[in-house]
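Since the structure comes first, as structure tokens, the remarks are kept for the end.
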Amino acid sequence: MPRIGIIGGSGVYGVFEPKETVKVHTPYGRPSAPVEIGEIEGVEVAFIPRHGKHHEFPPHEVPYRANIWALKELGVERVIGVTAVGSLREEYKPGDIVITDQFIDFTKKRDYTFYNGPRVAHVSMADPFCPEMRKIFYETAKELGFPVHEKGTYVCIEGPRFSTRAESFMFRQYAHIIGMTLVPEINLARELGMCYANIATVTDYDVWAEEPVDAQEVLKVMAENNYKVQELLKRAIPRIPEERKCGCADVLKSMFV
Ligand code: ADE
């Protein structure tokens, strides 16, 4: 049974050869795609392409609940979310990796919870990311010589549109990076007592920066980011301990009302 689940985009394709593809039906419908099971450096992992095999789910339509439920059902305890993000700060440069440690939710209408009643639960979100995985990813990225930030606050917007300049200036006061997919993936993983870590790769400066986005440059940065993410996953995953000492599962103890 895979204990590690990866949810990501095309950047993760090719990091492992799936040995098996599992069609999972959940109470919340089907995941974005059948779950691929394989090994990364001898460690069994499950992978879901967040936006579907053919990129058919935009960020606001991703079946987040089905994805997390499917991974849980397959035995996954730790989820690694790989995301591409924009930068809200000069020092977070295109090509950098961010091991996100906080988030701000600016999404508007998604399915945020498995607890819509009659069972009610309020999950603690003060420190939402798995400290064990964050440390491993940060130290491994440094060891590989990749430009990496140990921390960063991710503002998650609804999308699919990008921000206005006014929004971007506002977000910049509070956050370092901006994307569209972290929420509610992380909320849901936490509600099921799973660890969650985010590897964010910066593709662009958001619109607060005056410079127009160069599509060729973004594509080049994305290709380089994909290489870095794959190397990071290969080196870091075997270092993730089997036994969880992070306390992420303990949130369940204080969750129910
Ligand atoms: N994903 C990548 N770049 C982004 C940006 N500038 N805003 C929102 N999501 C993004």
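Counting starts at 1 for both ligands and their atoms, following the listed order.
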Close N/O pairs between ligand 1 and protein, under 3.5 Å:
residue	atom	partner	partner atom	Å
ligand 1	1 (N)	Ala84	O	3.4
ligand 1	3 (N)	Gly86	N	3.2
ligand 1	3 (N)	Asp204	OD1	2.7
ligand 1	6 (N)	Asp204	OD2	2.9
ligand 1	6 (N)	Asp206	OD1	2.8

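- A donor and an acceptor atom, one from each side chain of Tyr154 and Gln102, are nowhere located under 3.5 Å apart.
- Side-chain contact between Pro94 and Thr203 is absent, with no heavy atoms from C-beta onward closer than 4.5 Å.
- Classification of the His55-His51 ring pair by plane angle, with boundaries at 30° and 60°, yields parallel.
- Within a 6.0 Å sphere centred on OH of Tyr174, other residues, nucleotides and ligands contribute 12 heavy atoms or fewer.
- Judged purely by distance below 3.5 Å, without hydrogens or angles, the side chains of Thr181 and Tyr64 never pair a donor atom with an acceptor atom.
- At least one donor-acceptor pair closer than 3.5 Å links the side chain of Thr164 to the backbone N or O of Glu167.
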